[in-house]
Amino acid sequence: MKDLITREYQTVTGIAGPLLFVEKLKKASLGEMVEILLATGESRRGQVIELSEQHTVIQVLEETTGLGVTGTRVRLTESAAMMDLSPDLLGRRFNGAAVPIDGLPPIIPDTRMDIIGQPMNPVARDKPSYFIQTGISTIDGLNTLVRGQKLPIFSGAGLPAKELAAQILRQAMVREEHGTGQQAFAIVFAAMGITFREASFFLGEFERGGVMEHAVVFLNLADDPTIERLLTPRYALTAAEYLAFTLGRHVLVILTDMAAYCEALRQIATAREEIPGRRGYPGYMYSDLASIYERAGRIKGRAGSITQLPIVTMPDDDITHPIPDLTGYITEGQIVLSRELHRKGIFPPIDVLPCLSRLMNLGIGPGKTRDDHRAVADQLYAFYAHGRDIRRLAAIVGEDGLNDSDKRFLKLAQDFEQEFVNQGAHNREIEETLNLGWQFLRYLPKEQLTRVKPELIERYYGA
Amino acid sequence: MSGTIIKISGPTVVARGMEQTRMFNRVAVGKTGLLGEVIRLRGGEATIQVYEDTTGLTLGEEVADAGEPLQAELGPGLLGSIFDGVQRPLNVMAAQQGDWIARGLTLPALSRERRWTFTPTIRPGTAVVGGMSVGITQETVKVEHRILVPPGLSGTVREILEGTFTINEPIAWLDGDRSLTMLQRWPVRSPRPVAERLPPVVPIITGQRVLDMLFPIASGGTVIVPGGFGTGKTVVEQALAKYAQTDIIIYIGCGERGNEMTEVLTEFPHLKDPTTGLPLMARTVLVINTSNMPVAARETSIYTGITMAEYYRDMGYAVALMADSTSRWAEATREISARLEEMPGEEGYPTYLATKLAGFYERGGRVRCLGQTDRQGSVTIVSAISPPGGDFSEPVTQSSMQVAGGLWALDSDLAHRRHYPAINWKRSFSLYTTLLDSWFQTQVAPDWPQLRSELAALLQKEEELQEIVQLVGVDALQDQERIVLEVSRLIREEYLRQSAFSEIDAACPLAKQYWMLKAQLEFLRYCQGLIKMGRPIEQLIASPFKTELERMKETLPDTCVQQAQTMVEKMEQELGGVKRET
């Protein structure tokens with residue numbers, strides 16, 4: 001039975017960083033949302049993260065400025081973090097805690113869902129198999145994205161990850177719309193700790209692309225409360241799950257920047273005096289990130305899908321840093337941007353060697369893309385990797401020290417970067433990408449194409 | 001008996017009033033009855049790790065002690081099933097609860113309704129001891145399930161039945177009115193007893209050339225597969241689960257990707273066992289605890305899996321257990337240890353990590369089974385490890401390396417070139433090679449060990465030459481050295497590289513493995529001989545033999561063997577001919 005009396009507690013005993021310690025708050029439940037009332041009448045939100053007989057620990061989702069051990073009251077809401085959902089979500093803009101910031105009234109809910117969500121039963125999952133054409137050769141041709149996949153973009157400070165993400169969105173969505181004949185897609189955009197400038201870039205892109213009415217936007221910008229950031233992706237994915245599995249849309253989720261999310265996670269862990277793992281990040285960061293990334297996929301018997309494109313800024317361009325490292329262990333591949341290519345003026349500056357799409361084989365081949373897709377990708381990888389080796393060698397022994405075959409590889413690596421990778425804003429059909437791939441395979445005699453079956457060489461290599 | 005919750009912190013709960021409980025007892029936590037396990041006792045206060053999400057729990061809720069440790073159910077019906085980390089059948093859960101995993105559901109692992117045809121293999125009056133088989137039931141088209149007397153039980157069979165029974169119905173009675181059913185339970189954290197442990201002498205044929213030829217694994221051995229993300233750990237584990245020639249496969253997806261598990265789930269039922277042609281699921285048990293499923297259940301999944309593996313071993317089967325990945329299990333122990341506020345060891349892992357890991361790996365092995373002197377079984381462990389940043393100096397890799405008999409080191413540089421399996425032949429090792437040599441010599445060819453040494457020496461030679469090339473360029477090399485580079489490149493590309501997605505080449509039988517390498521090494525000798533006699537290297541590189549060798553792996557095994565044999569003969573003749581001329 002729900003009490004009719006509101007439960008308010010004035011037993012705050014301590015505040016440390018974003019944490020509030022409250023005594024005698026025994027009725028609270030783990031994960032429950034609370035309201036924190038200041039003497040000024042102002043109210044802030046918090047969440048119960050630990051319970052014991054001595055004290056209850058609340059993480060304050062907003063600033064702790066102005067909070068004191070006296071004069072602060074805590075009110076239980078008797079509810080975990082829930083989100084109001086209805087088809088009217090589309091076209092709306094929220095802050096990082098799902099409060100509307102577009103001047104329109106709150107959503108009138110059709111349904112409410114717990115934002116933590118439950119893990120999808122692996123048995124209920126459906127195998128991703130639908131090819132998404134992003135129009136970008138290095139992705140479509142070599143690291144194919146499929147519906148239901150989570151494929152992060154590993155970027156560095158100052159590298160054009162957002163331009164790439166916007167281009168993927170623009171080109172993939174156009175195709176999706178044409179493909180299905182109806183507007184069954186949706187975009188969920190969750191900004192965490194990015195600047196106003198970056199956020200407005202994305203919003204401008206949505207407007208220009210005319211997709212704003214299919215987008216749901218969550219903004220927790222760099223100057224917004226840090227701890228709120230821990231909830232932002234969960235609100236966003238709850239919206240995505242509703243759109244995908246209740247309304248049957250194909251949802252593309254952009255989460256940017258996951259590095260800022262992880263910073264917030266570290267901050268709360270340090271405040272709780274937890275034993276730190278690598279570089280001060282908590283030992284459970286893998287599980288925590290998994291609870292976000294694993295909310296991508298498809299479900300048997302349901303129409304929609306969730307595809308995630310998280311953006312991860314690698315601190316100091318270091319791919320072994322815990323944030324990209326743990327991300328790579330959870331996601332189904334990665335797209336890696338390179339500072340070297342960026343400096344050469346190549347766009348998108350994708351370094352294909354460390355890139356990977358684990359689900360690629362499910363989305364390519366006859367009937368989906370083309371019969372030579374796998375072979376072209378494998379052979380290009382082998383040739384380009386060898387070309388890069390030769391380039392290193394040439395730096396030592398000089399180009400004159402190379403034999404003819406090596407020189408061909410050197411040229412191939414060069415031209416591959418300048419033409420195949422460097423496509424600019426151009427939108428390439430998959431056939432165009434594969435034909436272009438063959439153009440580079442022809443740099444070498446047929447006999448060297450050991451990763452391509454003879455019949456494919458016959459068909460595509462030419463005379 | 002029950003206590004009350006006095007503290008909740010993530011998946012860890014402390015309850016008071018638990019004086020009567022025992023370490024590792026199973027408990028039901030709170031109103032929803034979340035499954036948990038006692039992991040620390042201090043006075044009457046018990047610390048409990050909860051296998052499900054604890055959101056919504058409040059202080060004062062009840063904790064009920066089941067009075068026994070977490071146990072796995074063992075009996076017919078395991079094969080072909082898909083369990084979570086605490087052995088709940090995932091498809092039954094999906095049928096009951098829908099597409100998401102709700103909490104507080106307790107389900108038996110094995111069906112109580114399904115009936116099995118039981119055929120006794122002993123007569124009344126026989127004296128039995130734990131581990132002895134009293135009868136059989138055909139569990140799947142492939143596997144005959146032997147019904148064993150549970151370890152620790154012995155007596156004389158008074159009566160034994162024949163017919164169809166559920167796993168709960170008695171099929172036999174011992175003296176003293178003790179009944180036997182087809183179902184038994186075993187605490188997952190305790191190894192099942194064996195009569196005697198035996199040294200490994202037989203390999204498990206994996207069908208992967210780089211493994212069988214260079215780094216073979218013994219039946220009953222332990223191999224670890226460390227590799228950074230994207231190096232193909234999962235592809236290696238899955239290729240083994242598909243093609244390894246063994247009786248039973250236990251595949252544990254421990255803290256890994258949901259979509260990958262879906263691939264396993266949709267693919268395996270349609271795949272055929274390459275040796276028997278029977279569906280792969282007929283020999284497979286899947287234990288799946290994806291990364292977003294509760295951490296504590298991830299910790300248990302490894303034990304649930306190995307307990308089932310030991311059970312089939314006790315029937316006399318060769319079992320292979322794939323754990324993907326042990327690092328996620330280790331991280332789960334770290335997470336729980338941190339919640340217990342234990343003093344951390346290296347990288348925050350508990351100081352007992354090495355002990356726990358060794359304890360798990362040592363549950364593998366080849367054994368003489370309990371209760372039946374002539375029966376032998378084995379549990380082979382292939383454990384994937386995900387070292388942070390791909391750096392093998394981290395504690396999980398290091399502790400595992402101390403106990404493992406083999407290391408298949410995955411390499412990101414090879415993976416970037418799409419050279420799969422990306423097994424680094426310089427770093428990897430197998431301590432089983434010499435133990436297995438005589439098997440390969442009698443079963444495949446007497447010079448198998450010699451081919452392996454030649455291959456290893458060639459790869460070593462190539463590395464040395466590459467260093468020179470890096471400094472002064474390839475033109476500085478003699479033709480004799482250049483041909484070594486050419487042929488070793490051929491062997492890397494055409495022998496060590498093997499596509500898991502190729503229809504023909506995904507699994508390579510031993511005869512084909514042998515003859516391919518034989519022909520390739522023979523080609524080197526042939527070239528070296530001709531160069532000595534003044535033949536220009538360009539002509540040899542363009543040799544039709546080379547082209548043929550390059551296409552060999554995509555040829556059907558029988559054709560390939562013939563082709564290689566003919567080629568070896570031809571090369572020998574030609575070389576001999578040239579020698580006579582000069």
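So that the names make sense, note that chain A is the first sequence line, chain B the second, and so on, each numbered from 1. Heavy-atom basis, side chains included; hydrogens, waters and symmetry copies ignored.
Within the 4.5 angstrom heavy-atom criterion, no atom of B:Arg489 approaches chain A. Contact of B:Ile101 with chain A is made through backbone and side chain together, with heavy-atom distances under 4.5 Å. Only the side chain of A:Phe245 comes within contact range of chain B, judged by heavy atoms closer than 4.5 Å. There is no contact between B:Glu394 and chain A, counting heavy-atom distances below 4.5 Å. Interface remark: B:Pro89 contributes no atoms to any contact with chain A (heavy atom separation under 4.5 Å). Only the side chain of B:Thr290 has a heavy atom closer than 4.5 Å to any heavy atom of chain A. Of the two parts of A:Arg295, neither the backbone nor the side chain holds a non-hydrogen atom closer than 4.5 Å to a non-hydrogen atom of chain B. Interface remark: B:Leu90 contributes backbone and side-chain atoms alike to the contact with chain A (heavy atom separation under 4.5 Å). Contact of A:Gln334 with chain B is made through the side chain alone, with heavy-atom distances under 4.5 Å. Using a 4.5 Å cut-off between heavy atoms, B:Glu493 contacts chain A through its side chain alone, with no backbone atom that close. Only the backbone of A:Pro324 comes within contact range of chain B, with at least one heavy atom under 4.5 Å from a heavy atom of that chain. No part of A:Ser79 comes within reach of chain B, as not one of its non-hydrogen atoms sits under 4.5 angstrom from that chain. For chain B, the nearby parts of A:Leu356 are the backbone and the side chain; heavy atoms of each come within less than 4.5 Å. Only the side chain of A:Ile396 comes within less than 4.5 Å of a heavy atom in chain B; its backbone stays farther off. Of the two parts of A:Val123, the backbone and the side chain both hold a non-hydrogen atom closer than 4.5 Å to a non-hydrogen atom of chain B. For B:Val472, the part sitting under 4.5 Å from any heavy atom of chain A is the backbone (N, CA, C, O) and nothing else. Residue contact with chain B, scored on non-hydrogen atoms closer than 4.5 Å, involves the side chain of A:Leu362 exclusively. Both the backbone and the side chain of B:Thr55 come within contact range of chain A, judged by heavy atoms closer than 4.5 Å. Residue contact with chain A, scored on non-hydrogen atoms closer than 4.5 Å, is absent for B:Gln97. Neither the backbone nor the side chain of A:Arg388 comes within contact range of chain B; no heavy atoms are under 4.5 Å apart.
A:Ala28 approaches B:Thr58 most closely through the heavy-atom pair O-CG2, 3.2 Å. The two atoms that bring A:Asp325 and B:Pro388 nearest to each other are OD2-CA, 3.1 Å, heavy atoms only.
In this structure, A:Tyr286 contributes its side chain and B:Gly255 its backbone to a donor-acceptor pair below 3.5 Å. Of the possible donor and acceptor atoms, one in the side chain of B:Arg257 sits under 3.5 Å from a partner among the backbone N and O of A:Tyr329.
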List the steps and the verdict of side chain to side chain contact (heavy atoms under 4.5 Å, CB included) for A:Tyr284 and B:Arg339.
-> CA-CA 10 Å; A:Tyr284 51 80; B:Arg339 304 254 184 220; 4.0 Å; yes
Kindly determine whether B:Lys7 and A:Glu50 satisfy salt bridge (Lys or Arg N to Asp or Glu O under 4.0 Å), including the steps that lead there.
-> CA-CA 8 Å; B:Lys7 186 177 176 189; A:Glu50 191 175 314; 3.7 Å; yes
CA sep, side-chain torsions, deciding dist, call: B:Arg551, A:Thr450, side-chain hydrogen bond (donor to acceptor under 3.5 Å, both in side chains) | CA-CA 8 Å; B:Arg551 299 283 173 213; A:Thr450 54; over 6 Å; no
Check against salt bridge (Lys or Arg N to Asp or Glu O under 4.0 Å), A:Lys300 and B:Asp99 = CA-CA 9 Å; A:Lys300 284 178 197 153; B:Asp99 299 336; over 6 Å; no
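The candidate with the highest count of non-hydrogen atom pairs below 4.5 Å against chain B, out of A:Glu32, A:Glu447, A:Arg278, is A:Arg278. In terms of heavy-atom pairs under 4.5 Å with chain B, the best-connected choice from A:Ala382, A:Ala124, A:Ser287 is A:Ser287. Of the listed residues (A:Leu402, A:Ile299, A:Asn403), the one with the most heavy-atom contacts under 4.5 Å to chain B is A:Ile299. Taking B:Gly232, B:Ala94, B:Gly56 one by one and counting their heavy-atom pairs under 4.5 Å with chain A, the maximum is reached by B:Gly56. Ranked by heavy-atom pairs shorter than 4.5 Å toward chain A, the options B:Gly390, B:Gly253, B:Ala338, B:Gly230 are led by B:Gly230. Chosen from B:Val264, B:Val13, B:Asp53, B:Leu265, the residue pairing most often with chain A at heavy-atom distances under 4.5 Å is B:Leu265. Ranked by heavy-atom pairs under 4.5 Å with chain B, the list A:Pro128, A:Gly297, A:Gly31 is led by A:Pro128. Top candidate by heavy-atom pairs under 4.5 Å with chain B, chosen from A:Ala394, A:Pro354, A:Ser291, A:Gly277, is A:Pro354.
In this structure, the separation between OG on B:Ser386 and CD1 on A:Ile330 is 10.5 Å, given to the nearest 0.5 Å. Atom OG1 of B:Thr262 sits about 8.0 Å away from atom CG of A:Asp126, to the nearest 0.5 Å. One finds the CD1 atom of B:Ile5 at 12.5 Å from the OG atom of A:Ser52 (value rounded to the nearest 0.5 Å). Note that CD of A:Glu294 and CE of B:Met293 are 10.0 Å apart. Values are rounded to the nearest 0.5 Å. A:Ile319 contributes atom CD1, which lies 9.0 Å from atom OG of B:Ser412 (distance to the nearest 0.5 angstrom). B:Phe501 CZ to A:Asp378 CG: the interatomic distance, rounded to the nearest 0.5 Å, is 9.5 Å.
Put simply, the side chain of B:Arg418 reaches to within 4.5 Å of the side chain of A:Arg451, judged on heavy atoms. By the 4.5 Å heavy-atom criterion applied to side chains, A:Pro276 and B:Glu347 are not counted as neighbours.
Scanning residues 329-337 of chain B against chain A with a 4.5 Å non-hydrogen threshold yields B:Glu331, B:Arg334, B:Glu335, sorted by number. Identified by a heavy-atom distance below 4.5 Å to chain B, the contributing residues of residues 113-121 of chain A are A:Ile116, A:Gln118, A:Pro119, A:Met120, A:Asn121, in residue-number order.
By the neighbour-count criterion of 12 heavy atoms within 6.0 Å, atom CD of A:Glu455 is densely surrounded, having more than that number from other residues, nucleotides or ligands. For NZ of B:Lys546, the number of neighbouring non-hydrogen atoms (other residues, nucleotides, ligands) closer than 6.0 Å is greater than 12. Remark: A:Lys27 NZ is loosely packed, at most 12 non-hydrogen atoms of other residues, nucleotides or ligands lying under 6.0 Å away. Within a 6.0 Å sphere centred on CD of B:Glu267, heavy atoms belonging to other residues, nucleotides or ligands number more than 12.
No side-chain donor from either of A:Arg358 and B:Thr234 sits under 3.5 Å from a side-chain acceptor of the other. In the model, B:Asn259 has no side-chain atom that pairs as donor or acceptor with a side-chain atom of A:Gln149 under 3.5 Å. Side-chain atoms of B:Arg417 and A:Tyr381 form no donor-acceptor pair, as typed in the model, at a separation below 3.5 Å.
Residue B:Leu59 forms a side chain to side chain contact (heavy atoms under 4.5 Å, CB included) with just one option from A:Leu51, A:Thr56, A:Leu30, and that option is A:Leu51.
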